[in-house]
Each structure stands twice: as C-alpha cells, then as structure tokens.
Number of protein chains: 2
Amino acid sequence: MPAPTLKDVADYAQVSRATVSRVLNNNPTVNENLRLRVIEAMHQLGYQPNRAARRLRGTTSDVLGLIISDIENPFFISVVRGVEDAAYQQRMSVVLCNSDEDPAKQSMYLRVMQAERVAGLIIAPTHADESQELAEMSRAGMPIVLLDRRTSSLNADAVVVDNVGGAFAAVRHLIDLGYRRIATISGSLKLTTGQERFEGYRQALESAGLPLDRTLIRTGDYKIESGYRLMRELLSAPHPPEAVFVANNLMTLGSLRAVHEMGLRIPHDVALVGFDDMPWSGQLYPPLTAVAQPTYELGREAVRLLLRRSTEPDAFFHTVVLQTRLVVRESCGAAIRQEKS
Amino acid sequence: MPAPTLKDVADYAQVSRATVSRVLNNNPTVNENLRLRVIEAMHQLGYQPNRAARRLRGTTSDVLGLIISDIENPFFISVVRGVEDAAYQQRMSVVLCNSDEDPAKQSMYLRVMQAERVAGLIIAPTHADESQELAEMSRAGMPIVLLDRRTSSLNADAVVVDNVGGAFAAVRHLIDLGYRRIATISGSLKLTTGQERFEGYRQALESAGLPLDRTLIRTGDYKIESGYRLMRELLSAPHPPEAVFVANNLMTLGSLRAVHEMGLRIPHDVALVGFDDMPWSGQLYPPLTAVAQPTYELGREAVRLLLRRSTEPDAFFHTVVLQTRLVVRESCGAAIRQEKS
DNA sequence: GCAAACTGAGAAAACGATTTCTAATTCTCA
DNA sequence: TGAGAATTAGAAATCGTTTTCTCAGTTTGC
C-alpha cells in the first residue's frame with residue numbers, strides 16, 4: 001500500500017492537482033466549498049505531503065543543518081534542544097551532525113549539508129579551523145551562523161556567550177571573598193572560548209591590583225584527565241593557591257577528584273569555581289559554585305539569526321553575545337568567609 | 001550562482017544525463033573513458049547531487065528518523081551518538097526529534113517522519129503509549145525499531161538492556177557484602193524499564209531468602225527531586241535501610257544530596273548503588289557504584305535491526321537484549337566490608 | 001556467414017509536488 | 001445589456017534525479 005499522493009487526493013475530491021496544492025499552501029483564491037472537499041479527502045486518505053518533492057520544486061528547503069563539535073559534552077545537549085525547539089516552531093526540521101573536533105569529519109559533514117541543500121547551517125567549528133570550505137559556502141549564498149566559538153577564517157553571524165565577563169565575575173567573586181593567590185586551569189588557547197575565559201581571569205586580577213603569577217596558570221584541554229593532572233600539580237607546588245578557577249565542566253570534575261584524593265577539603269583548604277553549570281553541579285561534594293551559560297538560549301538565538309539571514313541575505317553581520325550568571329553554592333566558601341568588598 | 005546540476009555536468013562532459021547518473025551510481029556498464037571524463041567534469045564544477053531529487057525518484061530514502069523521549073537525560077546522548085555513527089557508515093543521515101515524554105509531541109513528530117518518508121524509525125516511545133499510530137505506520141510498511149523501552153501496543157523489533165539482570169546484579173552485590181535491609185527507589189512502573197528494574201530487585205532478595213519489605217520500597221519519577229524526597233523518607237523512618245538501590249541516574253543525584261544534607265556518610269551509614277553509569281559518576285562524593293548500560297551499543301544495534309528490516313520486511317521480529325555491567329566504586333562499601341558469599 | 005546475444009549509451013518517462021499560463025466563469029458598472 | 005475586470009480552477013511546464021526503453025554497434029555460436 002503506497003502512501004497516497006497529491007494526485008490521489010485530487011482524484012478523490014474530483015478536482016485538479018493544482019487545486020489541492022493551493023489548499024495545501026493556504027492560497028486564498030480557492031472556493032470554500034472546494035476547500036472543504038479537498039480537506040475532507042486529505043483526511044479520508046491520511047495524506048501527508050512528500051517533503052522531497054516539495055523541496056525539489058520549491059525554492060525554500062525546510063531543513064536546517066547543525067554541526068556541533070562534541071556531542072558528548074553535556075554543554076551541547078541543551079544547545080541542541082534550543083535549536084530544535086526554535087526550528088520546530090518554524091516547522092523546520094534539524095539534521096544533527098557531530099564533528100568530534102575532527103576537521104576531516106567536519107569537512108565531510110559540510111559536504112553532506114551542501115548535498116542536502118539545507119536552508120542554513122549552524123556550526124560550532126572545530127579546533128583550529130583553517131579551512132576555506134565554510135567561507136566558500138557562505139560566499140555561495142548559504143546562510144551560516146557560528147555557534148559558541150568563532151573562527152578567524154570566516155566573517156559571519158555568530159552567537160556566543162560573554163566568556164570574558166563570566167570568567168571575570170567568577171574570579172572577582174573569589175577576590176571579594178578575600179582570596180589573593182588565585183590559580184586558573186584554562187582551556188585550550190586555540191579556541192576562542194579558552195582565550196576569552198583566560199582574559200577574564202587576567203582582567204579580574206588586574207582590576208584588584210593583583211599580579212599575574214605564571215606558577216598559578218595551567219593550560220588544559222577541556223577533558224577530565226587534564227583537570228585532574230593540573231590540579232594535582234597546583235596543589236603539590238611549594239606555595240599552593242588558595243582558590244582555583246577552572247575553565248570548563250569536565251576539567252572541574254577532574255579537579256574535584258584530585259582534591260579529594262589528596263585528602264584536602266573544599267573550600268577550607270582550597271576554594272573552587274567552575275565554568276558551566278550542569279544539572280548535577282548542585283549534587284557534587286561540595287555543591288559547586290559555577291558560571292552558568294544560557295545554553296538553551298544560545299540555540300534559540302542561533303536559529304533566529306539564521307532566519308534573519310535567509311530573509312535578508314545582505315544584512316550586516318551580527319554577533320550576539322549572551323550574558324552568563326554566577327551561581328554561588330559552597331565550593332567557593334561564600335558561606336564561611338566574610339565578603340570584604 | 002545556482003548550484004550545478006547533473007545536467008550541467010552532462011553538458012560539460014558532453015554525455016547524456018543518464019550516463020552521468022550511471023557514473024554516480026557506480027553502474028559498471030559505463031566505459032572507462034567516459035567515466036573519467038564525467039568524474040573530471042564533476043570535479044571541475046564542484047557538483048553535489050541533489051538529495052531531494054534523488055529521494056523523489058529513487059525508492060529508497062537515506063534519512064533515518066530517531067525519536068527519543070528526553071534529550072536532557074544524559075542517558076540518551078550516547079545512544080544518539082551510536083545511532084549517528086552507525087548511520088553515517090551506511091551514508092545515511094539522521095533526523096533527531098525529542099518527544100519530551102509528551103504523547104502529543106510524539107504524535108506530531110510521527111507525522112513529520114511520515115511526511116519525510118524516512119527509510120525507517122527508531123523510537124523510545126513515551127510513557128504510556130497507547131496510540132495506534134505506530135502500529136499503523138508499521139502496518140503501512142515503515143520499518144520501526146523500539147529503543148530502550150517496549151510498548152504493549154506494538155509488536156516490532158526492539159533493542160533493550162537487561163534491566164532485570166542489571167538490577168539483580170546490583171542488589172545481589174549488596175547482599176553479598178552483608179547488607180540485609182536493602183531499600184529501592186524505583187522508577188515509574190508505567191515504563192518497562194521501571195518494572196524490570198524493580199523485578200530485578202525483587203528476584204535478588206528472593207534469591208537470598210530475604211523478605212520483600214513494603215516500607216523499603218519507594219516509587220519515583222526518574223527526576224532529581226523525587227530521588228531527594230524519597231531518600232529523605234527512607235532515612236527518616238524509624239528503622240532505616242542499610243543500603244539503597246536507586247533505579248536511575250538523576251534520582252541517584254537527588255539521593256546523594258539528601259544523604260549529605262542529613263549529615264550521614266556513604267557507605268558507612270548507608271550504602272548506595274545506582275543504575276546508569278555516567279562520566280561524572282567517578283567524581284561524585286563518594287565515587288558511585290553503578291550499573292553501566294551499553295548506551296552506545298544500544299544505538300548501533302538499533303540501526304542494525306532497522307537495516308535488516310528494510311531488506312527483509314517479512315522476517316520475524318527480534319528483540320535484542322544487551323547486557324549491563326556492574327561498576328564497583330566506593331558508594332557500596334565494597335572496600336570496607338568483607339565479601340560474605 | 002547469419003542469426004542471436006550482448007554492450008554501451010542516449011531519449012524519454014517517471015517521481016510528487018509547485019507555479020505559471022490560460023480559459024471559463026461570475027461580477028461590476030455604465 | 002454588454003464590455004471589461006475580477007475570480008476561480010484546470011492544463012501543462014518545471015524542479016533534478018533515476019530508471020526503463022530503445023537502438024546501434026559488436027561479439028558469439030554453430
């Protein structure tokens with residue numbers, strides 16, 4: 001039993017295919033009687049329009065491409081959900097791909113997107129993206145929105161969070177609580193997020209007249225293991241820090257383990273503030289103080305930018321910066337220290 | 001600049017469109033010289049076949065639908081990844097939808113899938129799915145694979161984990177460590193996963209000749225808050241349990257918080273085993289003993305079943321049951337107790 | 001050496017919608 | 001009442017592929 005086509009509906013309702021199409025697309029030039037007859041026929045037959053055919057003839061596709069760099073990072077889950085919800089409201093579907101921080105895989109998926117003739121593309125470019133592919137697609141008229149990270153090789157719409165401001169608020173909070181020797185475990189400086197969070201850390205120290213101490217700075221790779229290793233290094237040093245700002249969620253988990261294994265207590269022996277608030281952050285031991293990112297909004301906003309670009313292809317590029325929020329729990333020691341500001 | 005079409009390639013290579021199509025589909029009946037000429041032309045023009053047109057004409061679509069019930073549950077992330085990877089190897093793309101445990105949203109997405117004319121559908125049906133839609137689609141010839149959960153309203157291929165065995169192993173482990181008063185915080189008994197994990201708990205007690213004590217059984221809804229509330233209830237009772245088996249990841253987080261807030265220690269005052277091992281399980285305090293599910297495999301296996309059904313539509317239905325593994329860390333007290341088996 | 005079988009590749013017909021023409025009505029107003 | 005405008009809906013072209021049909025040219029079998 002093949003699925004009913006528009007022609008079947010037309011035959012059943014005894015009208016032409018064009019009329020059925022008009023009803024389908026809410027063309028007002030169709031008589032109410034006929035309209036009802038066609039709708040009745042569609043119901044009777046359980047008709048669903050074939051998207052492939054529609055896309056082939058119509059100029060606008062209703063599929064939207066989303067390429068993220070690491071589906072296993074919980075950060076992206078909520079982003080995906082934001083994109084999906086916003087797209088659904090526009091009756092668009094989302095094709096999701098995962099580049100795994102692998103430039104080869106990314107370029108493969110870019111080709112798939114091109115072949116799919118997607119209406120637009122939302123992408124968190126991989127680590128060190130030097131490829132010209134994105135720029136070429138953009139020049140060829142494909143609406144593109146950069147998500148979370150930016151890349152030097154492409155001028156385009158982008159939606160990012162205020163990494164500098166978020167990191168600044170976190171470190172400033174530690175300073176206001178009276179900590180002076182504040183270390184950081186930063187992310188890769190090849191990613192804009194890594195650079196910016198480090199910059200926030202630097203500015204916060206500067207704003208309080210504190211020196212930038214090389215021995216308190218460690219650079220990781222956003223994975224659990226590097227957080228563990230770098231935290232051990234920091235705490236084993238002759239003159240360990242009083243507090244640490246960790247620049248992402250997974251490295252924070254590794255840091256916690258290191259502290260516990262060394263038999264130290266948080267925040268009494270060392271205070272901790274993380275970047276990225278997760279559903280389980282409040283259930284860690286101790287509950288984690290962290291910079292919350294508007295991940296869901298990030299996704300929604302990306303779709304909004306994409307739609308704007310589709311309708312106004314020549315508008316100036318926008319970069320939307322979403323604000324973060326510091327969620328204070330116990331790992332920073334706010335409850336046990338006097339705020340000295 | 002419109003994208004080049006097959007016709008453009010044909011003109012450029014001075015052959016017919018049919019020949020280009022044959023080259024594209026590796027039809028061996030085309031002469032090597034022509035083949036090279038066509039491939040060269042495709043390169044020159046940067047040609048990418050239009051999937052919409054291809055899907056329209058061809059009988060087989062290369063899009064695979066995936067409907068999950070809660071994208072915010074970390075459990076599904078790895079499942080999605082498994083599906084995606086397996087699909088990619090078959091050069092298929094995945095359209096991902098999130099029903100949010102909402103039957104209305106699920107039925108909406110089912111219609112989208114039907115309209116997309118997807119090659120097949122992998123679905124974790126929502127809570128209490130009584131709809132006939134799935135059964136109808138199945139009867140209409142759509143290959144369908146049930147994921148993680150089953151539903152009474154449809155006989156179809158399914159891939160699930162051995163919930164009974166996993167729960168049994170977890171509780172049996174507690175028994176072997178010498179615990180006798182073992183409680184459970186179970187999931188909704190409307191879901192097959194909830195029922196089966198409870199059944200594993202029951203069987204483990206029975207196998208050791210322990211009574212099923214109503215006061216030690218609590219039923220939650222798989223959310224953090226219910227884990228928190230139910231654990232407080234259990235521990236405030238006049239005769240609290242020595243150990244607790246919690247039937248999902250989020251409720252486990254809530255349970256941990258409850259124990260900590262009440263000033264009790266794990267595993268000294270109460271031991272804990274969870275269901276579903278997560279990347280952060282080892283970094284909780286204390287590191288969590290949990291039943292690990294082969295989530296990635298779950299996804300891969302679902303794709304495999306789907307492809308088999310596409311090629312052999314009339315084969316008998318299979319249910320693939322994947323085994324779990326108990327990951328022993330510290331929350332069960334294995335390190336501090338003598339195993340008495 | 002002639003009929004039959006095989007090869008390779010073009011012409012043309014699908015696929016299921018949308019959209020542009022176009023023609024048949026109905027309406028409007030002098 | 002009749003000419004022109006407005007409305008309504010059908011016929012046919014179109015989108016970019018795949019697939020079937022066809023046919024010329026070549027090979028094979030006896």
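Quick note on labels: first sequence line is chain A, next is B, and so on, each numbered from 1.
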### Query
Side chains of A/Arg139 and A/Gln132: do they bring a donor and an acceptor to under 3.5 Å?
no
### Query
Who passes salt bridge (Lys or Arg N to Asp or Glu O under 4.0 Å) against A/Asp70, sequence neighbours left out?
none
### Message
If I take atom CG in residue B/Leu6 and atom P in nucleotide C/dA14, what distance separates them, rounded to the nearest angstrom?
### Response
19 Å
### Task
Mind calculating the distance between CG (A/Asn27) and P (D/dG10) to the nearest angstrom?
13 Å
### Any donor-acceptor N/O pair under 3.5 Å between D/dT18 base and B/Arg57 side chain
yes
### Task
Select from A/Thr29 and B/Asn25 the residue whose nearest nucleotide in DNA chain D is closer to the 5' end of that strand.
A/Thr29
### Query
Side chain of B/Arg22, base of C/dG10: donor and acceptor closer than 3.5 Å?
yes
### Message
Rounding to an integer number of Å, can you tell me how far B/Asn31 CG sits from D/dG25 P?
### Response
16 Å
### Query
Do A/Asp100 and B/Arg81 sit within salt-bridge range, that is, some charged N less than 4.0 Å from a carboxylate O?
yes
### Query
Taking atom C1' of C/dT18 as reference, at what distance in whole Å does atom CG of B/Leu56 sit?
12 Å
### Message
Does A/Gln44 have more than 12 heavy atoms from other residues, nucleotides or ligands lying within 6.0 Å of its CD?
### Response
yes
### Task
Indicate whether OP1 or OP2 belonging to D/dA11 is found under 4.0 Å from a side-chain N or O atom of A/Ser16.
no
### Message
Counting neighbours of CD on A/Gln323 that are heavy atoms of other residues, nucleotides or ligands and sit closer than 6.0 Å, is the number greater than 12?
### Response
yes
### Message
Could you tell me how far apart B/Arg17 (CZ) and C/dA14 (C1') are, to the nearest whole angstrom?
### Response
12 Å
### Task
Give the rounded distance in Å between these two atoms: NZ of A/Lys7 and P of D/dA11.
11 Å
#### Entry: Short side-chain N/O contact to D/dG16 OP1/OP2 from B/Thr5, under 4.0 Å
no
### Query
So what does A/Val20 hit on the nucleic acid, given a heavy-atom distance under 4.0 Å: a base, only sugar-phosphate, or nothing?
nothing
### Query
Any side-chain N or O of A/Arg54 under 4.0 Å from OP1/OP2 of C/dT18?
yes
### Message
Under 4.0 Å, heavy atoms only, any strand: does A/Ser21 hit a base, just the sugar-phosphate, or nothing?
### Response
base
### Spacing of B/Asp8 atom CG relative to D/dG16 atom C1', expressed in whole Å
10 Å
### Summary
To the nearest angstrom, the CZ-C1' distance between B/Arg51 and D/dC15 comes to 18 Å
### Query
Phosphate oxygens OP1/OP2 of D/dA9: is one of them under 4.0 Å from a side-chain N or O of A/Thr19?
no
